[in-house]
S.K.: 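Let me begin by handing over the structure; questions about it come next.
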Amino acid sequence: MPNFVKVAQVDELAPGERIVVEADDGLFIAVFNVGGKFYAIEDLCTHDGGPLAEGELDGYEIECPRHGARFDIRNGKVLSFPAVRDVPWFEVKVEGNDILVDIEE
Ligand code: FES
């Protein structure tokens, strides 16, 4: 069963911006607005726990600020070493002015 929770409002996350929210107990999610579409991944690098939302975003690729692993924010796929595992990603939907993320495990 999907479990959508509100993480932000559309008008507080402009294109090119990102935020980190604690969507569940200890689950920090980075939410990105790229060109008016929203994407969400866990804010936790699978290499060594780096804070992904603090990294550089190039297109849809986020670079971990710790050791430079790269991930696709659209699907969590790992794109480069030193990480070898994908990062969890989350389905996002917009209802009115609310951004909701499906945190179902
Ligand atoms: S913690 Fe992200 S690349 Fe090492």
Side-chain angles (χ1 to χ4, degrees):
M1 284 285 289
N3 181 18
F4 281 93
V5 298
K6 180 181 170 183
V7 291
Q9 294 191 305
V10 172
D11 58 11
E12 62 189 19
L13 190 60
E17 293 188 349
R18 77 220 28 198
I19 55 166
V20 177
V21 293
E22 187 173 11
D24 201 4
D25 208 17
L27 174 64
F28 289 88
I29 296 180
V31 185
F32 300 83
N33 181 339
V34 179
K37 275 201 77 175
F38 298 99
Y39 304 91
I41 59 171
E42 189 168 3
D43 188 34
L44 190 70
C45 181
T46 57
H47 174 238
D48 195 26
L52 291 176
E54 293 178 18
E56 290 283 323
L57 185 67
D58 180 13
Y60 296 102
E61 293 183 23
I62 189 79
E63 182 178 281
C64 179
R66 277 213 190 141
H67 314 107
R70 298 172 77 87
F71 300 88
D72 189 324
I73 64 168
R74 295 171 294 186
N75 51 26
K77 292 283 180 208
V78 63
L79 301 171
S80 73
F81 289 112
V84 294
R85 284 181 294 120
D86 298 345
V87 69
W89 68 279
F90 304 91
E91 190 177 334
V92 181
K93 69 178 180 182
V94 174
E95 283 183 356
N97 193 39
D98 294 338
I99 303 169
L100 303 131
V101 169
D102 181 6
I103 61 167
E104 182 212 8
E105 286 296 314

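The figures here come from the full heavy-atom set of this structure, side chains too, leaving out hydrogens, waters and symmetry mates. Counting from 1, the numbers follow the sequence of the chain as shown. Treat the numbers as computed from the prediction; the structure is a model and nothing was measured. Counting starts at 1 for both ligands and their atoms, in listed order.
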S.K.: Is Ala83 touching ligand 1 with its side chain, its backbone, both, or neither, if touching means heavy atoms under 4.0 Å apart?
M.R.: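 Neither; no heavy atom under 4.0 Å.
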S.K.: Of all the atoms in ligand 1, which lie at a distance below 4.0 Å from a heavy atom belonging to Gly50?
M.R.: 1 (S)
S.K.: Show me which atoms of ligand 1 lie under 4.0 Å from any heavy atom of Cys45.
M.R.: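 Under 4.0 Å from Cys45, ligand 1 has these atoms: 1 (S), 2 (Fe), 3 (S).
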S.K.: Give a yes or no answer on whether the side chain of Arg70 reaches the backbone of Glu61 with a donor-acceptor pair at less than 3.5 Å.
M.R.: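 Side chain of Arg70 to backbone of Glu61, a donor-acceptor pair under 3.5 Å: no, none is there.
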S.K.: Minimum heavy-atom separation for Phe90 to Val101, with atom names?
M.R.: CB-CG1, 3.3 Å
S.K.: Could you walk me through whether Asp72 and Lys77 pass the salt bridge (Lys or Arg N to Asp or Glu O under 4.0 Å) check?
M.R.: CA-CA 5 Å; Asp72 189 324; Lys77 292 283 180 208; over 6 Å; no
S.K.: State, to 0.1 Å, how close Asp25 and Glu22 come at their nearest heavy-atom pair, and which atoms those are.
M.R.: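 Closest approach of Asp25 to Glu22: C-OE2, 3.8 Å.
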S.K.: What is the name of the N/O/S atom of His67 that is nearest to atom 4 (Fe) of ligand 1?
M.R.: ND1
S.K.: Of all the N, O or S atoms in His47, which has the shortest distance to atom 4 (Fe) of ligand 1?
M.R.: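 The nearest such atom is ND1.
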S.K.: Show me which atoms of ligand 1 lie under 4.0 Å from any heavy atom of Cys64.
M.R.: 1 (S), 2 (Fe), 3 (S)
S.K.: For Asp48, take its heavy atoms, then give the atoms of ligand 1 lying under 4.0 Å from any of them.
M.R.: 1 (S)
S.K.: Check each heavy atom of Ala69 against ligand 1 and say whether those closer than 4.0 Å belong to the side chain, the backbone, both or neither.
M.R.: both
S.K.: Which heavy atom of Thr46 sits nearest to which heavy atom of Arg85, and what is that distance?
M.R.: OG1-O, 2.6 Å
S.K.: Give me the atom names and distance for the closest heavy-atom approach of Leu44 to Val87.
M.R.: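 That closest heavy-atom pairing would be O-CG2, 3.4 Å.
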